[in-house]
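Below is one structure, written out as structure tokens, with a few remarks after it.
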Amino acid sequence: MTDETLQPNTADDPLEKAEAISYTKLYEHWERHNWSAAAIDFDTDKTHWRERLTERQRDAALWNYAMFLVGEEAVARTLTPVLDSAPGYAESIFLTTQIVDEARHHVFFDRFMREVASQGRDTQSTLDAADRYLTWGFRQVFAELDRITEALHKKPKDLPLVAQTIALYHLVVEGMLAIPGQHFIQRYVRKLDILPGFRHGIDNVSRDESRHVAFGIKYLGDLFRRSKECRDAAIEEWNRVFRWTSGVFVPPNLDPSYAECFDFTLEEIYAFGLRSFVTKAKRLGVEPFDEIRMLSRLNRELTYEEHARNLWVMIRAGVVGDDRREPEMNREALELLFDGMTRGVDLEVARSLGGPILWDFTDTEPWHLVVTNGHAEAKPGRVENAALTLEVSAAEWAKISVERADPRMALLKRRLKLHGSFGAKAKLPKLFLD
Ligand SMILES: [Fe+2]
Ligand SMILES: [Fe+2]
């Protein structure tokens, strides 16, 4: 392995590629690439922060770096149970180095936030100052990381639980969120030629993260080979967290200038994150567009950029991205929702109804879905011969579709009413929700 093969920050990192990469090689890579966060000189950064960045850019940087600061603190803290549960010596050695890395990353962001961005007076108050910038999605993902590592702490011998933790920690938090975030930071500090101390640090952080993700893929691959339960558990975890990850980079008031002031778009960062995850999952023999619920509804003909644009339609409509928002369904969001449902619907069950399904929306025009020649088609408008009619608001149905709301609860509270034969009504859970 040469350093040329270790260019970080691509969605498809060569470090991860080799099944052949051994824990020993990853350890050696760590030794060769040690660096000092304490020795970085931030003098020029302080001047740049005041004089070269606009107020908008400082706000955007604070919002973004706050998540890294809090994230690094959390991953340093939650890796101990992962280390304790490692089944072999080689994994333990690498995980020990990773704990050191994450602590160093925290020191780096902590110094920058306090010394350059004037946030807080000491480690705790700097962390506290970052709290107000954390997004809903960030809080959900990291609450899940706390939950799962706490469970692992109690049951260190539970290998499927180890697999779930690695699936969340290395593949999602590091691979899908941190590395894409760092990629765009690296791009703009380089392009604008600003913040040299920060740039030095983030380049090193990013190389470390690539190594961590490479380890995660290898480790998870080993666990998958040990048992199918480990593979199932990882997929279950991805199913659980995907809705939350879509909210991590949602800026205050959905304001796109948080990215655009640094010359990238929010759609770009989501496309990068999705591509990064899909590439890694496939390397593990998982077909994300078949096996992960939220992704299985996507039109696989589309590019990552198109998926990201569509996801942003749903984020802006309030369907995903922040559960505190009530969806406001417009035509474009409804089209995407029904497009996904035509792929998510169980065709056998739908056909067995013997007629179309009608959504008699209480707040917008009706939609219906029919199965013909082995595929489902959804269109706006009413049909007369519906076998099953759902009387519901489009907002409530959107929440049910993305697993934000429980359909049984909606039925109980009469927010969802079904019309049709007893048999047709009984089929609803099997139609969309398996
Ligand atoms: Fe880190
Ligand atoms: Fe890491």
Side-chain angles (χ1 to χ4, degrees), residues 6-11 13 15-16 21 23 26-27 29-38 40 64-83 85-86 91-113 123 126-127 130 134 138 141-142 144-146 148-149 152 162 164-186 189 198-220 241 245 248-249 272-273 276-277 280:
L6 299 175
Q7 288 304 315
N9 307 319
T10 54
D13 196 307
L15 236 191
E16 303 158 2
I21 278 208
Y23 297 123
L26 289 167
Y27 173 80
H29 185 258
W30 175 79
E31 271 202 355
R32 265 202 315 284
H33 292 282
N34 255 305
W35 57 286
S36 170
I40 295 178
N64 194 347
Y65 307 168
M67 287 193 271
F68 276 104
L69 173 78
V70 175
E72 297 291 4
E73 190 278 332
V75 294
R77 180 166 40 79
T78 55
L79 202 53
T80 318
V82 184
L83 169 62
S85 66
E91 295 95 314
S92 303
I93 289 174
F94 183 86
L95 284 163
T96 308
T97 71
Q98 190 180 340
I99 294 182
V100 176
D101 286 343
E102 306 303 5
R104 180 156 38 207
H105 297 173
H106 178 221
V107 169
F108 164 68
F109 281 104
D110 174 58
R111 278 198 61 208
F112 182 88
M113 289 295 262
T123 304
T126 300
L127 267 177
L134 306 180
F138 181 97
V141 171
F142 280 83
E144 172 66 8
L145 188 67
D146 280 341
I148 204 159
T149 49
L152 187 62
V162 177
Q164 282 194 317
T165 311
I166 304 296
L168 173 63
Y169 191 118
H170 293 75
L171 276 285
V172 173
V173 173
E174 297 185 312
M176 192 180 176
L177 301 173
I179 288 181
Q182 287 157 13
H183 169 83
F184 289 96
I185 295 174
Q186 284 180 293
V189 292
F198 186 72
R199 177 173 156 183
H200 172 74
I202 198 84
D203 282 349
N204 279 295
V205 167
S206 185
R207 183 172 48 216
D208 292 346
E209 294 306 348
S210 292
R211 183 173 59 247
H212 302 164
V213 173
F215 166 83
I217 293 174
K218 164 134 185 75
Y219 192 11
L220 205 51
V241 300
T245 60
V248 171
F249 294 117
F272 193 102
S276 172
F277 176 79
K280 290 161 180 50

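Atoms within a ligand are numbered from 1 in the order they appear, just like the ligands themselves. Numbers here are sequence positions counted from 1.
For Y219 and H170, the distance between ring centers is not under 6.0 angstrom. Aromatic rings from Y23 and F94 are positioned such that their centres are separated by 6.0 Å or more. F138 has its ring centre no less than 6.0 Å from the ring centre of F249.
In summary, of the residues considered (D101, D203, D208), a side-chain hydrogen bond (donor to acceptor under 3.5 Å, both in side chains) with W35 occurs for D208 alone.
Counting only protein N, O or S atoms, 4 lie closer than 2.8 Å to the Fe ion (ligand 2).
Note on ring orientation: taking the six-membered ring where Trp is involved, the planes of Y27 and W30 are tilted (angle from 30° to 60°).
Partners of E209 under the side-chain hydrogen bond (donor to acceptor under 3.5 Å, both in side chains) rule, at least two apart in sequence or in another chain, are H105, H212.
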